[in-house]
Amino acid sequence: MEDILRVAEEFFELPEDEKLRFYSDDPNQCCRLKTSVSYADEKVHFWRVNLLQFCHPLEDHVRHWPENPARYREVFGRYSVETRKLGLQVLDLICEGLGLEAGYFRGKTSEVQLMSLNYYPPCPDPTRVLGLPKHGDPHTLTLLNQGHVLGLQVLKDDQWLSIEPIPNAFVVNINHVLQIISNGKLKSADHRVVTNPSVARTTVASFVAPSKDCPIKVAEMFVNEKSSRLYRDFLSKELFSFYLADTAQGNDPLERFMILS
């Protein structure tokens, strides 16, 4: 886990012209560098540089990743394989805890893996800008390696609580897809990132995600006389098509899919 942070830091320390090869406005690009969240849709920009890359299956995507630093593909390749295994194991345990049939979250619900490298430079005035706004992750599950610098905050009871970094440990986030499937029994964690005036912060998040054509719907076992269906059925690509713009504008993407009584 330390090695992956070092290689990520080395990438962000590269000369700008080396990194700009990966800059793109195309959200479907296999390895994409960008700033903020959704720059074109934002009224307020955020203090972040982000490299997002597809990871699974590894042999289909690794050739699109950076070759500099020299260890990048080797280190991120090993890491992506192991974090995917761990993510699927966590999903199997969640499945068991909910009382769903074994393997319910396998298949299309966990077909995709994304890796998000985040760099938050020192900020001259942290009172005026966030690294990331309030949001929940749109996928199935997040495993976050948050490094050594404080910055992650989670919303609980209308208060923002800072999450202290723990060496060699992941922050595990329930994502929107699990909230919908469980009919609200699981809650997608609202979180944000604050900036630091003197120290840069680098994090690496691994997302287990559904395929674009994956049907997202409430599991029937959670709908009964005492618990009505909270969300309509849809394909995951519909959620992703609105997510970045909704997040940048401070809107809850899940409101689009709620069934109003």
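Residue V129 is not grouped with residue V193 when hydrophobic side chains (ILVMFWY) are merged at heavy-atom distances under 4.5 angstrom, including chains of intermediate members. Both L98 and I181 are members of a single hydrophobic cluster when ILVMFWY side chains are connected at heavy-atom separations under 4.5 Å. Taken together through direct or relayed side-chain contacts under 4.5 Å among Ile, Leu, Val, Met, Phe, Trp and Tyr, Y120 and L152 form parts of separate hydrophobic clusters. Under the 4.5 Å side-chain contact rule for hydrophobic residues, L161 and V171 do not share a cluster. One hydrophobic cluster holds both V75 and F22 under the rule that ILVMFWY side chains link at heavy-atom gaps under 4.5 Å.
When atom types are taken as modelled, the side chain of K19 and the backbone of F12 share a donor-acceptor pair closer than 3.5 angstrom. The main-chain N or O of M1 is never found under 3.5 Å from a side-chain atom of N168 such that the two would form a donor-acceptor pair. Although no hydrogens or angles enter the test, the distance criterion places no donor-acceptor pair under 3.5 Å between the side chain of R71 and the main chain of V7. The backbone N or O of V177 lies less than 3.5 Å from no partner atom in the side chain of T140, so there is not a single donor-acceptor pair. Panel note: side chain S227, backbone N224; no donor-acceptor pair is recorded below 3.5 Å. A donor-acceptor pair is defined here as one N or O able to donate and one able to accept, closer than 3.5 Å; such a pair exists between the side chain of R73 and the backbone of R63. K156 places no side-chain N or O within 3.5 Å of a backbone atom of Q159 that could act as its donor or acceptor partner. The backbone N or O of P121 lies less than 3.5 Å from a partner atom in the side chain of W47, making a donor-acceptor pair. Under the 3.5 Å distance criterion, the side-chain polar atoms of N175 are matched with a main-chain donor or acceptor of N173. A distance-only check finds a donor-acceptor pair linking the side chain of R48 to the backbone of S36 [under 3.5 Å].
Shown here is L93, whose CG atom has more than 12 heavy atoms of other residues, nucleotides or ligands within 6.0 Å. Applying the 6.0 Å contact sphere to CD of E18 captures more than 12 heavy atoms from other residues, nucleotides or ligands. Under a cut-off of 6.0 angstrom, the local environment of CD in E59 is crowded, with over 12 non-hydrogen atoms contributed by other residues, nucleotides or ligands.
Under a 4.0 Å N-O distance rule, the pair R6/E10 does not qualify as a salt bridge. Under 4.0 Å is where a charged nitrogen must lie from a carboxylate oxygen, and between K108 and E111 no such pair does. For the pair E220 and R229, the salt-bridge criterion is met [side-chain N within less than 4.0 Å of a carboxylate O]. No salt bridge links E238 with R256; every basic N to acidic carboxylate O contact stays at or beyond 4.0 Å.
Residues D246 and P253 come closest through the heavy atom pair OD2-CA, 3.5 Å. In this structure, N183 and S228 approach most closely via the heavy-atom pair ND2-O, 2.9 Å.
For the side-chain contact (heavy atoms from CB on, under 4.5 Å) test with T203, the passing option among L144, N145, V149 is L144; the others fail.
Taking the six-membered ring for Trp and thresholds of 30 and 60 degrees, Y243 and H176 have ring planes more than 60 degrees apart, a perpendicular arrangement. Relative ring orientation between Y79 and F170 is described as tilted, the plane-to-plane angle lying within the 30° to 60° band.
Between H191 and H135, the gap from one ring centroid to the other is short of 6.0 Å.
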